[in-house]
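All heavy atoms count here, side chains included; hydrogens, waters and symmetry mates do not. Chain A is the first sequence line, chain B the second, and so forth, proteins listed ahead of strands; every chain is numbered from 1.
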Amino acid sequence: MNTEQRLRLATVWLSGCSGCHMAFLDLDAWLLELAAWAEVVYSPVASDRKVYPDDVDVALVEGAVANDDNLALLLQVRQRTRVLVSFGDCAIHTNVSGLRNPLGAAEAVLQRSYLQLADGSGQCPHAPGLLPALRTPVLPLHALVPVDVYLPGCPPDPARIRAVLEALRRGERPRP
Amino acid sequence: MNVCSLRIDDRALTVAAGTSLLLAARRAGIVIPSLCHLDGLTPVGACRLCLVEVDTAGPLAACVTAAAEGMRVRTDTPLLRDIRRSLVEMLFSEGNHTCAVCIADGDCELQTMALRVGMDHNRLPGRFPSRTVDLSHPLFGLDHNRCILCTRCVRVCDEVEGAHVWDVGWRGERCRIIAGLDQPWGAVDSCSHCGKCVEVCPTGALFHKGSCGGDHPSHPERLAALLRGRRRQEGPP
Ligand code: SF4
Ligand code: SF4
Ligand code: SF4
Ligand code: FES
């Protein structure tokens, strides 16, 4: 990793509740310190960039892979990132995003949410090309691409996020 | 008293013949990982986490292996560490464990064990089985998604409460704890509502209906206290 230049940091939001990102933002004042040695090159909470850039040093990837968009972005992230961090319990073992797995196909959840619980006028969302298709089963990141570091928690404790980023800055690979 | 001398992790000790390796190790200050074992219940060797290496045999479950004269036992080797992590991973894969929405989150022996064996992720794919929750009992619930089949509930209800509500039914992936030979728990008259099974359950599988995440009252240690109390009553005045 390049220690002269600022670390190129990305944060990615797949199928999760954004709670892991909120925990990251909970680092408050330390984020200013982080900004001194890391440049956020892609992030739903700290960057406007729409396309995942090349040559990323570290990516914190929140959420499980539950739809086709998640999968496409994850593959891109893996290709363009040196250290991929599986960030939070949904990324690591699907967690809440994977609660539908024992039900079989995603259809059961769609029916329940959009039809059974609707007030009569319900309809299942269907917009191919616009809405990404749901995948079954919901999978953790490491089931699809190699993962370098696991940072568990629902959400991970901000202090632990900081410890992991500081270790990565020093070129270490944190282990449990 | 018949005694035997053995070495556990290079610590020499002498224990009463018949003492399990798990308890002998504890005597030497070594805490072997265990899940199905509970002081006060007959050991069954269900979870295999307590595997130790014994010079005369392959890995053996320490809770059901008696100490013997001259035995050399190792409780923490790379092989055992690997086996233990794999066993915990299998337990997680086998059921549906979503700690973030589990009543036992933060007070669960399986979760604690995952930390202890360094399981930062599960290398095995999840099975995501379709399992049920039995809420037919007026006071308690049984969530099969979280059950690791340790049989503590089966044993405490039979051996301590004397009600024998629980058994292990079916086999293989269908294996599950059953009440009253497979009735809804609430329909089983022999249940005295004592709550012992709930207190000894290591996971969030058995729970008090009124509780929600964070106030899961699991107290496996109370069993030993209860049995001590009973012995005092039965003993000489
Ligand atoms: S029983 Fe334990 S390991 Fe399983 S989901 Fe609940 S807290 Fe997690
Ligand atoms: S509450 Fe008591 S009697 Fe009823 S099943 Fe549990 S241990 Fe057995
Ligand atoms: S319900 Fe609890 S005590 Fe009974 S076998 Fe399952 S995990 Fe063990
Ligand atoms: S504690 Fe020995 S097998 Fe479970």
Side-chain angles (χ1 to χ4, degrees), chain A residues 15-20 22-23 61-66 84-106 108-109 135-157 160 163-164 167 173-176, chain B residues 33 76 78 81-82 84-86 88-108 110-134 143-148 173-174 176 203-205 212-214 216:
Chain A
S15 285
C17 71
S18 88
C20 300
M22 296 306 123
V61 185
E62 168 191 331
V65 174
L84 193 159
V85 182
S86 198
F87 182 36
D89 282 0
C90 291
I92 295 175
H93 53 245
T94 76
N95 197 31
V96 176
S97 313
L99 280 175
R100 69 170 159 93
N101 281 342
L103 303 174
V109 181
R135 300 179 64 85
T136 304
V138 180
L139 286 175
L141 308 190
H142 68 268
L144 296 157
V145 298
V147 163
D148 303 301
V149 175
Y150 297 88
L151 175 42
C154 180
D157 184 47
R160 208 179 313 153
V164 165
R173 290 288 165 91
R175 293 255 171 271
Chain B
D76 190 22
R81 279 197 286 272
D82 190 46
R84 286 185 187 132
R85 172 162 176 177
S86 300
V88 176
E89 287 176 320
M90 284 189 241
L91 289 174
F92 273 89
S93 284
E94 187 182 40
N96 293 310
H97 293 275
T98 310
C99 301
V101 289
C102 178
I103 203 157
D105 188 18
D107 181 23
C108 167
L110 178 61
Q111 199 181 45
T112 307
M113 190 59 68
L115 290 176
R116 182 165 173 192
V117 302
M119 180 186 147
D120 62 354
H121 71 290
N122 194 343
R123 297 167 296 183
L124 303 172
R127 287 183 57 243
F128 306 116
S130 171
R131 291 190 183 174
T132 54
V133 181
D134 183 346
D143 182 351
H144 291 283
N145 293 286
R146 319 291 198 213
C147 174
I148 57 171
E173 62 174 355
R174 288 200 188 78
R176 63 184 164 83
T203 70
C212 57
H216 173 67

B:P125: which residues meet the side chain to side chain contact (heavy atoms under 4.5 Å, CB included) condition with it, sequence neighbours left out?
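B:P125: no side chain to side chain contact (heavy atoms under 4.5 Å, CB included) contacts found.
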With sequence neighbours excluded, what pairs up with A:L151 under the side chain to side chain contact (heavy atoms under 4.5 Å, CB included) test?
A:V85, A:F87, A:P156, A:R160, A:I161, A:V164
Mind checking side chain to side chain donor-acceptor pair (under 3.5 Å) for B:D134 and listing every partner two or more places apart, or none if nothing turns up?
B:S136
Non-hydrogen atoms of chain A under 4.5 Å away: do they reach the side chain of B:N122, the backbone, both or neither?
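Backbone of B:N122 only, per the 4.5 Å heavy-atom cut-off to chain A.
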Write out, in numerical order, the residues from residues 91-103 of chain A with a heavy atom short of 4.5 Å from a heavy atom in chain B.
A:I92, A:T94, A:N95, A:V96, A:L99, A:N101, A:P102
How about B:R174: does its CZ atom have over 12 heavy atoms from other parts shown lying under 6.0 Å from it?
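No - once you tally the heavy atoms of other residues, nucleotides and ligands closer than 6.0 Å, there are 12 at most.
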For the residue pair A:Y150 and B:H121, does the interplanar ring angle fall in the parallel (under 30°), tilted (30 to 60°) or perpendicular (over 60°) class?
parallel
